[in-house]
Protein chains: 2
Amino acid sequence: MSDADERIEQRPPTLSDVAQQAGVSLATADRVVNKRPGVRAETIRRVEQAVADLGFERNLGAAQLARRVRHRVMGLLPEAGGNPFMARLRQALEEASHTGAGRHLDLTIQAADTFQAEPLAAAILEAGTVADAIVAVGLDHPAVREAIDAVVARGVPVATLVSDVPGSARLRYVGIDNRAAGRVAAHLLGRFAGGAAGEILVVLGSRDLRDHRDRLDGFREALAERFPLIDVTGVVEGQDEPAATRQAVARILQRQPRPLAIYSAGAGNAGLCEALAERDLKPVVVAHELTPETRPLLVSGRIDALIVQDPGHEARSALRVVEAALSGARIDERQERIRVEILLPDNLPD
Amino acid sequence: MSDADERIEQRPPTLSDVAQQAGVSLATADRVVNKRPGVRAETIRRVEQAVADLGFERNLGAAQLARRVRHRVMGLLPEAGGNPFMARLRQALEEASHTGAGRHLDLTIQAADTFQAEPLAAAILEAGTVADAIVAVGLDHPAVREAIDAVVARGVPVATLVSDVPGSARLRYVGIDNRAAGRVAAHLLGRFAGGAAGEILVVLGSRDLRDHRDRLDGFREALAERFPLIDVTGVVEGQDEPAATRQAVARILQRQPRPLAIYSAGAGNAGLCEALAERDLKPVVVAHELTPETRPLLVSGRIDALIVQDPGHEARSALRVVEAALSGARIDERQERIRVEILLPDNLPD
DNA sequence: TTGTACGCGTTATCAG
DNA sequence: CTGATAACGCGTACAA
């Protein structure tokens, strides 16, 4: 028993406390805690023992303060264009980059076409030469996967944001479980439609976007399980843009004039609603993301429910995750899980 | 123009930069930034100008590090007893108290009976004498309001958690908009019930809990607006406990044997479901909070949807808010808004 | 009214 | 392999 045991310890234990308890210097304790090389096995053991005994947790604020090097993070997002969710995500990333964990990251955001595999892969490879970490909206394509694997192999951690690149060596995917989101959509549509039999149309941005495809898969799956009387009779792609979406929907409505419900898994919802209004249709509609585009549609009842993810949370999480990777810190899993939220007119945030 | 303008500034501006730019010392810049007295008006102006020019934002981590005093925060939560949500909230508070903003708060959690106004008021008053700030699950009662006003008047900030005490001088309410939550419940129940006419039962913990009453109000309101064919024909109180809830529900089922749906605004849902199972009833059920009690009920389909708030988020937010008040920092409103989430079997987190 | 100087807990450099 | 020690950005006694 040391003297330290005798006084009531209100202050969290510091690395000095650990060093003292282990009978080593601060520097050595630091080496052990940060798993740096050059310490005898026996010494490592003693320090780790002290850490455990004292319940030491390193003070992230102080660590950040002391670290000299600033890390460069490249953010690869699609041109916002007609997609307000991406615009908001970009803004959220910029905000997060000078607060909290992002504080000493130099974030550069670059537009990258998320619909085209080769350009995105090239952008990732190039970013890997100038940045210490990458945060990118993914695209599920071999070229992109290889690009990610290449930069990760060079020691540049990559976090995929919103749309994953499964099978790649990315450090982590930051976004919702899109299959679950699709299931939720099916569940809501089915119940909102009152269990009636009927036809459903699905609108995607593109089948190449992993998030959209996952949503569709989950949607079909849950529909088959729970609402076997409802059929998906058409899937169209609108490139996440209002104009293209409007055209695509108008076209399919010629063949399927009275859909029971519509699941819009991508952006471009204003176009969808225009196409419906033209024909004076009022099917049950479930769409994604809360944006200046979708908000009034939900309020006015043109959209029945929105399935959303919080871009602010995603941005902070992505930066926390790469920051942790870069500095060898742990993360609180619970805080990083991005939720599938459901918005009705009644729980719309201001 | 100073020399600083000529180099590219990757590093966020520090207080030193501000001081230099304004031609004052670090200490003076600090006084202005933290609104401490003893600075000439003209000097204040110059410093504020510099802050604006440079876009200075103080480094919270460093500020926390430098501050000597540790603040004592008292947490007043009801005895967890049969209420697993409160148990989780308590755990979340403890975790949050040694991470991030909570890092240099000394949190003491004390059980306080949230169903009894006088004991809670007494606990608040007493806490006000030993703590620098208070985080408490509220009760909407004049005695509690007065207790809060009294300790706040003494300079002890109070944050109400989960259940508010409206009209009191509390610094802030940290929790969901319960009226909106009730509206969401009505919306879901109505639509899940397929627009059919029928009777609805509501189960509360107690009418004295502000959060439960708000939920009921919002529920009735939205029901009247959107589903005029559905009537609330019974409201029972179960003290948030399974046993009492079971009894209360069993009793009312004798008078109203075939409810269309049930809205459970409080805890004790296991008891509710038992009472229903006894009579082999399967109405649409919407309840609150994801806990070890409700999770299996949602998975098995005994509960159709859960309306939840994230206790982890609430705990971190509450500590951030009092920490900010204690140290004069600002907060990011967007990050502090607690969301009304809807859980279906399909978007249940692990 | 303003400035100087030290310390907070951690990291990194440099000398043993 | 290990130990001193100087930063990091800010808060605060204390001096002027």
Side-chain angles (χ1 to χ4, degrees), chain A residues 9-47 50-51 54-71 98-101 103-105 323 326-329, chain B residues 9-47 51 54-71 98-100 103-105 323 326-329:
Chain A
E9 190 67 14
Q10 291 291 11
R11 180 180 51 85
T14 73
L15 193 54
S16 292
D17 299 335
V18 170
Q20 198 171 357
Q21 168 106 349
V24 299
S25 80
L26 209 56
T28 299
D30 174 79
R31 289 186 185 100
V32 175
V33 165
N34 291 321
K35 305 195 190 311
R36 276 187 273 266
V39 186
R40 248 190 320 162
E42 162 60 12
T43 311
I44 294 183
R45 227 195 30 72
R46 281 201 349 252
V47 173
V51 167
L54 269 42
F56 169 77
E57 300 176 49
R58 78 202 232 285
N59 182 329
L60 244 153
Q64 229 169 65
L65 189 58
R67 195 171 305 123
R68 274 69 188 296
V69 295
R70 296 176 51 77
H71 299 267
H98 48 86
T99 329
R103 175 108 196 178
H104 77 301
L105 298 177
E323 160 65 19
L326 255 14
S327 69
Chain B
E9 191 65 16
Q10 290 290 14
R11 178 181 53 84
T14 72
L15 195 54
S16 291
D17 299 332
V18 170
Q20 199 172 354
Q21 168 106 346
V24 299
S25 80
L26 212 57
T28 299
D30 174 82
R31 288 185 186 102
V32 175
V33 166
N34 292 321
K35 303 192 191 313
R36 276 187 275 266
V39 187
R40 248 189 321 160
E42 163 61 12
T43 312
I44 294 183
R45 229 193 31 70
R46 286 206 341 260
V47 174
V51 167
L54 267 43
F56 168 77
E57 300 177 50
R58 78 200 231 286
N59 182 329
L60 247 150
Q64 222 167 75
L65 191 57
R67 201 178 351 263
R68 281 33 200 315
V69 295
R70 296 175 52 76
H71 298 262
H98 48 86
T99 330
R103 175 108 197 179
H104 76 302
L105 297 178
E323 162 64 19
L326 254 15
S327 70

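Here the structure is a predicted model, which means the values were calculated and not measured. Quick note on labels: first sequence line is chain A, next is B, and so on, each numbered from 1. Because only heavy atoms are used, hydrogens play no part in the values below, and waters and symmetry mates are left out as well, while side chains stay in.
For the OP1/OP2 pair of D:dG3 and a distance below 4.0 Å, the side-chain nitrogens and oxygens of A:S25 include at least one atom meeting the criterion. The side chain of B:T43 contributes an N or O atom lying less than 4.0 Å from OP1 or OP2 of C:dT2.
Within the 3.5 Å criterion, the main-chain N or O of B:R36 finds no donor-acceptor partner in the side chain of B:R31.
When side chains are defined from C-beta on, A:D17 counts as touching A:R11, because their heavy atoms get closer than 4.5 Å. The shortest side-chain heavy-atom distance between B:V18 and B:V47 falls under the 4.5 Å cut-off. No side-chain heavy atom of B:P13 sits under 4.5 Å from any side-chain heavy atom of B:Q20. Looking only at side-chain heavy atoms (C-beta outward), B:E57 and A:R103 come within less than 4.5 Å of each other.
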Take nucleotides 5-16 of chain D nucleotide by nucleotide from the 5' end and write B, S or -, depending on whether a protein heavy atom sits under 4.0 Å from the base, only from the sugar-phosphate, or from neither. --SBBBSB----

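Between A:A63 and A:R58 the shortest heavy-atom distance is CB-NH2, 4.2 Å. B:L26 and B:S16 make their closest contact through CD1-OG, 3.3 Å (heavy atoms, listed as atom of the first residue, atom of the second, distance).
The distance between atom CD of A:Q20 and atom P of D:dG3, rounded to the nearest whole Å, is 13 Å.
Summary for the helix from C:dT1-D:dA16 to C:dG16-D:dC1: the axes at its two ends, each from 5 pairs, differ by 40° when rounded to the nearest 10 degrees.
Distance check, rounded to the nearest 0.5 Å: CG of B:L65 to CD of A:Q64 gives 11.5 Å.
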